[in-house]
Amino acid sequence: MEVLLKDSGFDSVGEFLKILFYNPSRISGESDPQGSFHAKAVSQFLQGQNKIKMSDIIVLIYRHKHSAPSPASPLYSERHAPFSPSVSPVEIFHACPSLFSWATNLVATHVHEEIYQLSRTNIPDSETHLRASTNGRRPDHVKLVTWQALGKFSISALCEKYRARAPVSWHITESMAASPKNVGAISSFILSRNRFANGDLAMALGVWHFTAKSHIDVKRVYSQFGNIVRACPSYETLSELQQVEEKPSGA
């Protein structure tokens, strides 16, 4: 290490690592100072072709005794500082809390995108948005709620859907609430992001509360929390289903 820092002209380990992993932007047209050997060595390491992987290095850094401030450090508050999305990892001096903040922001961005994708209602053949009526729209352009659609409702199917399409969100909510109870949490996240994305759990629960004659205040509270659709769509849905059920078979 002494040879590396003194004889190679690097002022610190940080400067060496910054040059080692220098990544010039192709868009800006920056020149790449890396030689072929340098580029190949970094490439092999980042692609996991070496015996020692990046995960080994991250763990060594995160658990290093100097990675978190000691009780005597003037920055000891960093050890117990609560996470804040407004505080950039760049503003945190010690590696352990800085890595924690960076990773948390990274995961937050990822789960934000996962829930967004689950809440999309403009996907062809998707039943994310079930309507009580066409409301003047072309029948082939909307997904109407039907007894068949409600009959296909399955908690286990929702578990598989969320586990496959939102694995990070699923893992985090499962860590907070055992499966399948986290299905309700993810469903409420989806409806909170898009009030039209009612096809997973909110419509079925809304119809159930309406038929069970739950108190109006109960339905309002659950609706505000994103657990069920509002009372009006539930009423419209039941009215539409009843009309379909009462139609003569030849109509």
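Below, all heavy atoms of this structure are taken into account, side chains as well, without hydrogens, waters or symmetry copies.
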Check: Quick one: CG on Leu118 to NZ on Lys161, what's the gap to the nearest 0.5 Å?
Finding: 6.5 Å
Check: Roughly how far, to the nearest 0.5 Å, is the NE2 atom of His66 from the SG atom of Cys96?
Finding: 14.0 Å
Next item on the list: Please name all residues satisfying salt bridge (Lys or Arg N to Asp or Glu O under 4.0 Å) with Glu160, sequence neighbours left out, ordered by chain then number.
Entry: Arg163
Margin query: A side-chain contact here means heavy atoms from C-beta on lying under 4.5 Å apart; do Leu46 and Met54 qualify?
Written below: yes
Checklist line | Path from Val59 to Phe21 over hydrophobic side-chain contacts below 4.5 Å | finding: no
Notebook entry, point to check: Does Ile190 belong to the same Ile/Leu/Val/Met/Phe/Trp/Tyr cluster as Val168, with side-chain heavy atoms less than 4.5 Å apart forming each link?
Noted result: no
Next item on the list: Verify the neighbour count for atom NE2 of His38: are there more than 12 heavy atoms of other residues, nucleotides or ligands below 6.0 Å?
Entry: yes
Margin query: Is it the case that over 12 heavy atoms from other parts of the model lie below 6.0 angstrom from the CD1 atom of Ile52?
Written below: no
Notebook entry, point to check: Do you know which two heavy atoms are closest between Gly184 and Leu201, and how far apart they sit?
Noted result: CA-CD2, 3.8 Å
Margin query: When you group the ILVMFWY residues by side-chain heavy-atom contacts below 4.5 Å and let the links chain together, are Val111 and Val183 in the same group?
Written below: no
Check: Do Val218 and Val221 pass the side chain to side chain contact (heavy atoms under 4.5 Å, CB included) test, and can you show the C-alpha distance, the side-chain angles, and the key distance before you say yes or no?
Finding: CA-CA 5 Å; Val218 172; Val221 169; 6.0 Å; no
Notebook entry, point to check: Counting heavy atoms not belonging to Phe45, are there more than 12 under 6.0 Å from its CZ?
Noted result: yes
Checklist line | Geometric class of the Tyr162/Trp170 ring pair [parallel <30°, tilted 30-60°, perpendicular >60°] | finding: tilted
Next item on the list: Considering non-hydrogen atoms only, spot the tightest contact between Ser67 and His94 and give its length.
Entry: O-CB, 3.2 Å
Next item on the list: Verify the cluster assignment for Phe16 and Ile58: are they in a single hydrophobic cluster under the rule of side-chain heavy atoms below 4.5 Å apart?
Entry: yes
Margin query: What's the separation between atom CG in Asn182 and atom OG in Ser188, rounded to the nearest 0.5 Å?
Written below: 10.5 Å
Item checked: Electrostatic pair Asp56:Lys53 at N-O distance under 4.0 angstrom -> no
Next item on the list: For the pair Tyr116 and Glu113, evaluate side chain to side chain contact (heavy atoms under 4.5 Å, CB included) and give the outcome as yes or no after the intermediate values.
Entry: CA-CA 5 Å; Tyr116 166 73; Glu113 178 63 19; 3.9 Å; yes
Next item on the list: Please report the closest heavy-atom contact between Asn50 and Gln44, naming both atoms and the distance.
Entry: OD1-C, 3.7 Å
Notebook entry, point to check: Does some side-chain heavy atom of Met176 sit less than 4.5 Å from a side-chain heavy atom of Lys181?
Noted result: no
Item checked: Counterpart residues, ring pair (Phe, Tyr, Trp, His ring centres under 6.0 Å), relative to His80 (two or more places apart) -> Tyr76
Item checked: Closest non-hydrogen atom pair between Leu191 and Ala202, with its separation -> CD2-CB, 3.6 Å
Notebook entry, point to check: Do Trp102 and Ile172 share a hydrophobic cluster (ILVMFWY, side-chain heavy atoms under 4.5 Å, transitive)?
Noted result: no
Notebook entry, point to check: Shortest non-hydrogen contact from Ile92 to Ser98?
Noted result: CG2-N, 3.7 Å
Check: Okay, side chain of Glu78, backbone of Pro69: is any donor-acceptor separation there less than 3.5 Å?
Finding: no
Note to self: Could you check whether any side-chain N or O of Ser101 sits under 3.5 Å from a backbone N or O of Pro97, counting only pairs where one atom can act as donor and the other as acceptor?
What the structure shows: no
Next item on the list: Give the minimum heavy-atom separation between Arg165 and Gln117, together with the two atoms involved.
Entry: NH2-O, 3.4 Å
Checklist line | Heavy-atom side-chain contact between Glu114 and Pro167 under 4.5 Å | finding: yes
Notebook entry, point to check: Any donor-acceptor pair under 3.5 Å linking the side chain of Glu15 with the backbone of Asp11?
Noted result: yes
